[in-house]
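Start at 1 and go down the list; that is how both ligands and their atoms are numbered. Along the sequence shown, residues are numbered consecutively beginning with 1. This one's a predicted model, so the numbers in the text were calculated from it and none came from an experiment.
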Amino acid sequence: MAKKNKNDTMEKIVSLCKRRGYVYPSSELYGGLTSCWDYGPLGSELKRNIKTFWWDAMTNRRDDIEGLDAAILMHPEVWKVSGHVDEFVDPMIDCKTCKARFRADKLEECRCGNKPSKTPLECGGELTEARNFNLMFKTFMGPIEDSSATIYMRPETAQGIYVNFLNVKNSSRQKIPFGIAQIGKAFRNEITPGNFIFRTREFEQMEMQYFVHPDEDEKWFEYWREQRWAWYESLGINMSKLRWHEHKDDELAHYAKAAYDIEYEYPFGWQELEGVHNRTDFDLGRHMEATGKDLRYFDERFTEKFLPYIVETSAGCDRTILTCLVDAYDEVEVKGDMRVFLRLSPKIAPIKAAVFPLVKKDGMPEAAKKICAELKKKFKVFYDEAGAVGRRYARQDEAGTPFCLTVDGQTLEDETMTLRDRDTMEQTRMRVEDVIKFLDEKVNG
Ligand code: ATP
């Protein structure tokens, strides 16, 4: 097995993503737009699969979590009350020589905006003092563009959950402890976006807020740390590349009692993938104070009225996609050629199986198309008859397809076909009903 060069792994992944239709630069025809990316045919499928995998684990397979899909645009007071207008800031510094801007607390990750091959101080320039920069994007609601019409693009999905706490509690009749889960876009005017889809200005979050009794917050905090760790394991991530990072007092957000990040070892170093936070009763308390609405909770188990504490699990969808791609990327030398394999788990792989007729004659294409149509009722499959079968395998290996099915002369006699496993390279003959059972187990098991 060939050794991977850490420095160019990201470049290779970015190029594979474009070649195979995972991710394209946004507005590429116009030269692209910094930090904005479009998900192509395979990328949009991978994204949807990851979101479904999260949604199933966090809502459908549980009785205690409800779903929500709140609007991106919210009442501007929400962001004043939540503290975002005053405190959602990053420290920004400028290079006095080349005028490039950097996030002061992430200087070691930054490249010079004017010369991306260089780090901030490599030009020999001098940096200004840090000053705070608010990350919220602003826009105007309605036809008049003045300060009374200013609204914000949400920088996190969580606030949509807090302001709907009463609605969801009343309509679902959930009892504490219970949670509300949401997947949606968030926007942050990041000072230094970068590392492909790792840090962008428009991104998607998969967040869950779990409402608990204040005396039980630590128990539920530990519970959710375990659950989220296990989720990445079930996603097929190499667990030796994940670690916990505890926020010490100097890192802890003003509202948080405890916070741990799940970090992944990307080619550009260990970075946050998801945060698990104990947000206390800060958010509900602030919204209760500002609106005068009683957000406290009462039930028989606790003979008192109390404001619930919140344990939050906040994962980036795009970061999870990047993690899966980086984790799955593999290069292997096959007969002197360097071949790329994208070893995505069948649970999230965009195409579950490719179907090939061995040759384009003798009734094989017709038989393969029939099998393909049967499989399409349950799985995303792909039919390919173009070129030598070895080339077709190679294309699917690179695209992350876990299984290839080849229809040959024997298929026409006994209705069996070969199923070839991308990772073990093993080939097994199966009938179509066994292929369906096999795929079902691999994809949904
Ligand atoms: P950082 O310190 O890296 O800016 P953060 O601690 O502010 O991140 P959170 O507010 O905890 O991030 O956001 C929760 C999750 O949302 C992160 O773990 C990450 O997966 C995702 N996320 C946050 N900002 C971005 C971004 N700019 N681009 C992509 N994903 C992001």
Side-chain angles (χ1 to χ4, degrees), residues 23 26 33-37 39 43 47 50-51 54 58 79 82-84 87-92 102-110 132-137 153-162 181-209 224-225 228-229 231-232 235 237 242-248 250-256 258-266 268-279 282-283 310-326:
V23 184
S26 165
L33 181 65
T34 314
S35 104
C36 295
W37 301 91
Y39 289 91
K47 193 179 203 188
I50 287 175
K51 289 198 274 186
W54 186 90
M58 300 299 278
W79 304 110
S82 67
H84 283 81
E87 289 175 66
F88 196 60
V89 292
D90 275 340
M92 181 171 74
F102 307 104
R103 191 169 143 183
D105 61 333
K106 301 266 178 191
L107 215 49
E108 70 288 353
E109 283 172 35
C110 298
N132 282 338
F133 172 75
N134 194 298
L135 300 185
M136 280 201 294
F137 275 99
M153 311 280 281
R154 68 179 176 199
E156 62 176 27
T157 62
Q159 296 300 324
I161 294 182
Y162 305 144
Q182 172 165 233
I183 299 177
K185 290 260 181 174
F187 302 83
R188 294 183 189 179
N189 200 0
E190 297 279 1
I191 299 165
T192 36
N195 284 325
F196 193 31
I197 53 172
F198 177 81
R199 190 182 299 285
T200 51
R201 294 188 169 119
E202 171 184 342
F203 55 97
E204 230 167 332
Q205 289 185 311
M206 307 186 288
E207 294 198 308
M208 193 282 302
Q209 313 291 323
W224 279 109
R225 278 185 58 198
R228 295 307 303 147
W229 188 259
W231 187 79
Y232 289 103
L235 197 57
I237 299 295
L242 288 182
R243 72 177 184 194
W244 284 105
H245 165 77
E246 181 185 2
H247 286 215
K248 300 286 186 213
D250 56 336
E251 246 186 300
L252 218 49
H254 58 283
Y255 51 76
Y260 277 82
D261 294 337
I262 296 179
E263 293 186 335
Y264 182 82
E265 192 181 17
Y266 298 96
F268 44 88
W270 287 95
Q271 293 285 340
E272 172 181 342
L273 166 59
E274 164 160 0
V276 182
H277 312 126
N278 179 345
R279 290 181 77 132
F282 174 83
D283 300 277
I310 292 170
V311 175
E312 167 185 71
T313 71
S314 178
C317 178
D318 311 78
R319 261 182 216 185
T320 309
I321 295 172
L322 180 62
T323 308
C324 291
L325 290 170
V326 166

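Note: Trp270 and Tyr264 fail the aromatic proximity criterion, with ring centroids not under 6.0 Å apart. Taking the six-membered ring wherever Trp is involved, the centroid distance between the rings of Phe268 and Tyr266 falls below 6.0 Å.
Given atom 28 (N) of ligand 1, the protein heavy atom at minimum distance is Thr200 N, 3.0 Å. Protein heavy atom closest to atom 13 (O) of ligand 1, with residue, atom name and distance, is Gln205 NE2, 3.5 Å. Looking only at protein heavy atoms, the nearest one to atom 1 (P) of ligand 1 is Arg199 NH1, 3.5 Å. Of all protein heavy atoms, the one lying nearest to atom 22 (N) of ligand 1 is Phe203 CE1, 3.6 Å. The protein heavy atom nearest to atom 14 (C) of ligand 1 is Ser314 OG, 3.0 Å. Counting only heavy atoms of the protein, atom 6 (O) of ligand 1 lies nearest to Glu272 OE1, 3.2 Å.
Closest approach of Asn132 and Pro91 over heavy atoms only: OD1-CA, 4.0 Å. Of all heavy-atom pairs between Trp79 and Arg154, the closest is CZ2-CB, 3.5 Å.
Remark: side-chain polar atoms of Glu207 are paired, donor with acceptor, to backbone N or O of Ala158 under 3.5 angstrom.
Comment: Glu274 does not engage Arg319 in a salt bridge, judged by the lack of any side-chain N to carboxylate O separation of less than 4.0 angstrom. Salt-bridge annotation for Lys51 and Glu204: present, with a side-chain N of the basic residue lying under 4.0 Å from a carboxylate O of the acidic one.
Considering both main-chain and side-chain atoms, Gly316 comes within under 3.5 Å of ligand 1 through a nitrogen or oxygen pair. Between Leu273 and ligand 1, at least one N/O pair is under 3.5 Å apart. Every N/O-N/O distance between Glu207 and ligand 1 stays at or above 3.5 Å.
Atoms of ligand 1 found under 4.0 Å from any heavy atom of Glu190, numbered from 1 in the order shown, are 24 (N), 26 (C), 27 (N). Atoms of ligand 1 found under 4.0 Å from any heavy atom of Phe198, numbered from 1 in the order shown, are 28 (N), 29 (C), 30 (N). Numbered from 1 in the order shown, with element, the atoms of ligand 1 that lie under 4.0 Å from a heavy atom of Lys106 read 2 (O), 3 (O). The distance from ligand 1 to the heavy atoms of His277 drops below 4.0 Å at these ligand atoms: 11 (O).
For the residue pair Tyr162/Gln209, the side-chain donor-acceptor check at 3.5 Å is satisfied.
The side-chain tip of Arg201 does not point at the ring of Phe137 from less than 6.0 angstrom away and within 45° of straight on. Cation-pi contact between Arg225 and Tyr260: present, with separation from the ring centre below 6.0 Å and deviation from the ring axis of at most 45°.
Here the shortest heavy-atom distance to atom 12 (O) of ligand 1, taken over Arg188, Glu156, Arg319, belongs to Arg188.
Residue contacts with ligand 1 include Arg103, since one of its heavy atoms falls under 4.0 Å from the ligand.
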